[in-house]
Amino acid sequence: MSTHLHLVLVVLHGVQHVDQLVEQSQNRDGIDWTLTKLLQVEGSRTRGLLLALRVQVQVQVRGICGDHQVLVLMRLGGHHIDGGTSGPDNWTRTQNQNRLTATGLTSAAPQRVKLSLSTLSLELSLSTTPRGEGVVTMETGQEREPVSANEVIWKENGSFPPIVFELELQSPEENRPARLCYRTPASSCGSVLVRRQNRLLCADPDLIILLSMAFITANWNPLGDAFYRKTELYEMFWSLRDGLRDSLVAAAPYGGPIALLREPLRRSPSTRPQLEIYSASGVSIASFPVRTRVQHTTCPRVTSLFPSPVLPVFQWKSGPVVHLGWSVNDELLCVQEDGTVLIYDLFGSFKRHFSMGQEVVQSQVLEAKVFHSPYGTGVAIVTGSSRFTLATNIEDLKLRRLPEVPGLQGWPSCWAVLTQDRQTKVLVSSGPELYVLDNTSCTAVYPPGLSPQAGSIVHMSVSFSYKYLALFTETGRLWTGLSNLQERLSEVDTKQAATPKQMVWCRRPRSQQPSVVLMWDRLLLVVGSCNDSIQFPLEDQSVLVGELDGVRVIGSSSQELLQEVPLVCQDIFKIASMAPGALLLEAHREYEKSSQKADEYLREIKEQNVLGDAVRQCVEAAAHEYDPDTQKALMRAASFGKCFLTEFSPDQFVTTCRELRVLNAVRESSVGMPLTHTQYPALMTLQVLIDRLVYRQFYPLAIEVCRYLKIPDYQGVSRVLKHWASCKVQQKDLTDEAIARAVCAKVGDSPGVSYSDIAAKAYECGRPELAIKLLDFEARSGEQVPLLLKMKRSQLALSKAVESGDTDLVYTVVTYLKNDMNRGDFFMTLRNQPVALSLYRQFCKLQEPQTLKDLFNQDDDHQELGNFYVTSSYRDKRLEGRLAQLQSAVDEYNKAKNDFAAKVKVSPVHQVCPPGVDGL
Amino acid sequence: MAAHLSYGRVNLNILREAARKELREFLDKCAGSKAIVWDEYLTGPFGLIAQYSLLKEHEVEKMFTLKSGRLPSADVKNIIFFIRPRLELMDIIADNIFRQVYVDKLHPARDFHILFVPRRSMLCEQRLKEQGVLGSFVNIDEYILDLIPFDGDLLSMEYESAFRECYLENDQTSLYHTAKGLMTLQALYGTIPQIFGKGDCARHVANMMLRMKREFAGTQNQILPVFDTVLLLDRNVDLLTPLATQLTYEGLIDEIYGINNGYVKLPPEKFAQKKQGEGSKDLPTEPKKLQLNSAEELYAEIRDKNFNAVGAALSKKAKIISAAFEERHNAKTVGEIKQFVSQLPHMQAARSSLANHTSVAELIKDITTSEAFFDNLTVEQEFMTGVDTDKVNTYIEDCIAQKDPLIKILRLVSMQSVCNNGLKPKVLDYYKREILQTYGYEHILTLNNLEKAGLLKPQTGSRNNYPTIRKTLKLWMEDANEQNPNDISYVYSGYAPLSIRLTQVLARPGWRSIEEVLKMLPGPHFEERQQLPSGLHKKRKPAGGKPNHAGFLPRRGDMEDSGMEYIIATTKLINGTTWIKSLMDRPESQIP
């Protein structure tokens, strides 16, 4: 009996080369295995201690049967591990799932780990059931005092949950080694991880495990009375050769896409700068060299959709790109040195361009900024002649040249765009002065309370809501206040002389401790208004993206979200918190362990009568957590608490579950939209979210989201299908037949999908045959008509209009035909459509009696002609005319073989003198 | 105020409210003070949806009737045209606007809006464009007013030319609107699972409904169906009924004075306020306008009674009311008096209602007891029972000779033709000649129209099948009980309307039993089923007859015995007179 297994080993050692993975057969417990194939190796080196390596191998295992759990031991040969000693025997035991769950070895000796950090947390996990009874103890190195509650006793065959130790070292001096030891009985197996700020610093050399639920407060940093945390969002998919150095980077807020332009200022024609577009998780969406015609190169998904993209005819003029930015509609704006702004869509297709004014061509753009205001997306530039030009909405382009800034020559030291009182202004610092520029005037302003010795302002930043302003001066002082410059919040000395590379506000709605994040080459500094600050070392070049509720830090290898910990999360997770939610979470943990303590905790909550609050807190905190396991733990606790409440509305719980599920799905790194729960409802309505998914062509996900949230079909699934189909018809490599079939199979008769819209798209792409095929599926005949008319299929349009029963539509087509065809053809066409003909007759009867006569004549309808003459005879005021008309009527009646009408004898009085004739 | 709409099991007030909401939304779209220019024809139907007070709440300050020339001056921000999509009306609007813009040159900023009822039309917009005024309109909108609730069980589209358009002009616009109206009904009251129908137009409407259903799939809301059957009937299936003189109270009011949009105008003499001591010195000259619907308790009770039974009902009611007033003598204690006083307003209303209807009944009685009425009725009944329908009728001859109103003649001749399945060519030509010679040659067009519509026709080879239909469907009941009716035939004192019989048979035992007769009637008969949204398969209420071009049929009470409740929807409420009128052509009045 043999079977193939796929194993994924997640190795956190400093394995240098994968080929060190030793292939070895081992016979243990009657299982034989051979490594047959090394499938895939992924790894990335983060500067420091660890190399995270993911190895996927295929092994052949012999000698097992049934669903017996297979444990395979693999040896990773002689490699080096920082900060620890490695024994000769390193075994990693894995299970046949994608998760590495268990490790274990025989080592009984206390392991020693050298640490040089101030706040530590340790996790000890024993994942196989230890044999026999035993005790785990832990000691901190110097004091040699066991940490309280760190003694865990297990019984034989009892399950063993992860034990978490939290240590606060008494003298947190840097670089001073502390030592931690743990001891397990010889027979157990376990592992220890040492974390600081959610970074795995060191792992027990033999035992490696990834615990899904990270130690939550480990990455919390106090700032004033609040905490800030930095959560890793993604390990970036991209592999950038030179990191983000020498690149222009633009990342859209709300987890939008990232555009990257390498070496924008390189002018040599041989190596053109490359413009690349990535999703927020670093998945390449498009990439093309600028300054030539745009081509799609990399992404296979895109190329399959657009095999031969429509090449923009626009010739890139001279002048490299100065600035990149994203519009609210996920369009990329490239501001060129000569003031031309090129607009590309998410997939790098050129859409249109506009210019920031003629004078810019001469003076060149020095700097540009893309900003968002209530009116849409705007662009602001400063030219070589130190003049500012603004366009507040690129959809409705109106250029505004702002007045001159007195004394400003060349580059302003810094500037920012403000939106205030429904007006867009520019705040500019020129030497020691600070000016506000609006449409008409340039006013010098003074930030209230800025120390006189602070010096001139070298960097400034406006908050996401345009409400707050931060100014950084040349002496390293940071002033924060309201953006209308009416009030100062704080002034802090950062003790940093250099001008920060980037400065971004970091706040959240109902922020306790808003802060400003400043970035230098190697340092990230979070400065709160309370004079407190947090320092993070930066390992590589990064970019800060201001969000509604935090700051995203995009580095070349990973992306993190830096944000203030929401109050509710603080309440629950803060060490020794007695908040109702915290107690409930603890109660649930105990309950899972089948411990009677669960009841004690619950009682405590119930005595204070705050169980409802506890549930609400857990649900709310779950919404704010990024890690699905933490979310689950909190939701389970909430659900557990809910059981003890009678009249509690489940709405919040249910909605949060739904929202989290959707958010987790879009956060998935393949999708790459790291939206937080605060961002999701605030500005992203569900509709927008689906639109964004559709725009990125994640059709299946969008449909799943619609179905899951039970959005009515015509707003949800149908809309997605419509977009999908519109995209599908552009695929040039498929035949009309194939596309029509594919579209029909998927769309079927989904309600609300308009085949005529799809057909119109096909027609736009120059595929009229496909358009007609698609139109056939359209249920609403009325909808087909306008397109058919546009495609000059007037006969078909007429019959469809008749089919729809909408007479107004028939009239429309008839009027169109009348103007479009010569009279003979027009009449012939009508003859084939009796409904249309009779409508046209009606129309003629009222509007064009002569045409009516012609129509009857053409059809040899003598009866109607007779009637026609009778009618017109009564309108004739002259007796002779009247008689002539009646004579014609008699002739026609005769032709119609209507003897009665022709020959009826009417008394002369009535014949000649019907009422109302003058003169008789 | 629209309480009479919610009496039945189907609350038609929902429909009215939906229409009102839409109207409000449109009015709010035009900010500021407004003047409305009315297409005169629309004022009647709109009165059933919204009173002036509603318009006033939305800043409507002035209302005018559409006519060419200058608009009356009004100091308002918006001028709104409420208009039917007719080309000739577009020209008037264009004229209005040109003059108004000329006047407004000095103080501009007046907004024009146009609201098409019931649908906007590209043709009309095109015409406005040709006239160069399309750009003057800030809003061009449509107000979908298909089925207007008239009463708790009656909906009408008030589409006056529907029959003419369908049968004479082959214009199916009205059918499209009917289908749309039924879709609106389904949107509010749930999908109607069963569709039955008889006639070409009915078939066409059903087809359109089924197609629209597909088109709107997905947008339908999940409503438990209120109706479970819709029956579509062409008017030409039952040509006879509207020709016959109605004999119920309401029917007679309509026959004699004409009910328009729920109102009737009556000669004022009988309604003079007899104040004490004054006598009847100053007779009002304005016609008395009376609203007629089931909101009035007494009217609801007697409207569908055969007129012969109305007198008894009125006198009974009079006794009850006077007895109620007499109670005051028995009221001894303060409590009793208080109770009596609290009932006073209701009793007074009942008394004035009784006074009104007594007067109306007197007016009608004067006519029904006249010899002319009796003779006319006798001839009608002879035709319906099939007596001498193949010969020239002497009464008709006399009437022509006396130059009685032409419509009366046409009604009778048409009736004879329908009851005889066409007239012998000789007889037909005789009537035609007589009519032309007496009333003028121009009426040849009208006669032509009647022939086209099938009301007059020469008998062709086939046998007269009217007697078969009459017998199978029991169209004539000898012993109609007018006082305590047990069969629908009481409404015509013997004749049971064909369309009602079809409806009754459909309910029990089903149309399969009368296949033969159905084949004799024109047009196909059919049955369709509509898929309900899942989870809504519960059986609710049987209901919903829908004569496509219904005469105003007396229909209540009698039908409820079968446990069904019917809602009637029609393109237009007609009687024989208005119907024939709509088919007449008067060449001299047709100036384009």
Side-chain angles (χ1 to χ4, degrees), chain A residues 712-714 717-718 749-753 778-783 802-812 814-815 834-835 837-839 841-843 845-849 863-864 866-867 870-875 886 889 893 898-901 904-907 909-911 914-917, chain B residues 85-88 116 119-127 165 168-177 179-180 204-205 207-208 211-221 425 428-429 432-433 436-445 447-449 452 458 585-592:
Chain A
D713 271 357
Y714 60 100
V717 176
S718 297
D749 46 4
S750 305
V753 181
E778 174 67 61
R780 288 170 294 174
S781 329
E783 295 288 307
V802 169
E803 203 176 283
S804 78
D806 184 349
T807 42
D808 187 48
L809 202 60
V810 180
Y811 271 130
T812 312
V814 167
T815 323
V835 176
L837 180 60
S838 42
L839 285 175
R841 272 190 198 145
Q842 282 260 74
F843 171 82
K845 206 170 189 173
L846 295 169
Q847 305 286 331
E848 300 172 9
Q863 173 70 30
E864 285 298 340
N867 290 347
V870 171
T871 311
S872 49
S873 84
Y874 277 88
R875 284 183 196 152
L886 284 175
Y893 284 136
N898 185 344
D899 287 346
F900 174 80
V904 65
K905 292 251 179 348
V906 178
S907 70
V909 181
H910 283 118
Q911 173 85 41
V917 180
Chain B
R86 298 264 169 133
L87 284 178
E88 60 273 19
F116 284 115
R119 285 221 155 62
R120 66 191 287 176
S121 132
M122 291 189 237
L123 200 62
C124 290
E125 284 172 42
Q126 184 65 31
R127 172 54 69 102
E165 284 182 9
L168 298 188
E169 285 152 2
N170 193 20
D171 174 355
Q172 293 169 336
T173 311
S174 61
L175 302 184
Y176 181 69
H177 289 184
K180 283 269 184 192
H204 196 73
V205 168
N207 286 347
M208 275 195 278
R211 217 197 37 249
M212 287 173 189
K213 172 94 183 161
R214 279 205 306 280
E215 293 171 9
F216 293 117
T219 52
Q220 65 201 11
N221 29 11
L428 181 61
D429 282 355
K432 275 161 74 177
R433 190 174 303 114
L436 292 184
Q437 287 181 347
T438 310
Y439 296 92
Y441 186 71
E442 70 268 34
H443 296 293
I444 191 155
L445 299 175
L447 292 174
N448 235 320
N449 287 346
K452 243 188 188 173
D585 257 334
R586 290 163 198 276
E588 69 273 21
S589 64
Q590 277 185 2
I591 307 298

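Residue numbering restarts at 1 for every chain, and letters A, B, ... go by the order of the sequence lines.
Proximity of a side-chain donor or acceptor of A:S838 to a complementary backbone N or O of B:N170 within less than 3.5 Å is detected.
With a 4.5 Å cut-off on non-hydrogen atoms, B:R127 touches chain A through its side chain but not through its backbone. Looking at A:S873, neither its backbone nor its side chain comes within 4.5 Å of chain B, counting heavy atoms on both sides. There is no contact between A:E848 and chain B, counting heavy-atom distances below 4.5 Å.
The structure places OG1 of A:T815 at 6.5 Å from CD of B:Q126, a figure rounded to the nearest 0.5 Å. Distance CG/B:N449 to CG/A:N867: 8.0 Å, rounded to 0.5 Å. Between the CD atom in B:Q172 and the OG1 atom in A:T807 there is a gap of 9.0 Å [rounded to 0.5 Å].
Smallest separation of non-hydrogen atoms from A:Q842 and B:D171: NE2-OD2, 3.1 Å. When all heavy atoms are compared, the tightest approach of B:R120 to A:D808 is O-OD2, 3.6 Å.
In terms of heavy-atom pairs under 4.5 Å with chain A, the best-connected choice from B:L447, B:N207, B:L123, B:I444 is B:L123. Contacts with chain B were tallied for A:D806, A:V835, A:T812; A:D806 has the most, counting heavy-atom pairs under 4.5 Å.
Legend: residues meeting side-chain contact (heavy atoms from CB on, under 4.5 Å) with B:M208, ordered by chain and number and at least two apart, are B:L175, B:Y176, B:A179, B:H204, B:R211, B:M212.
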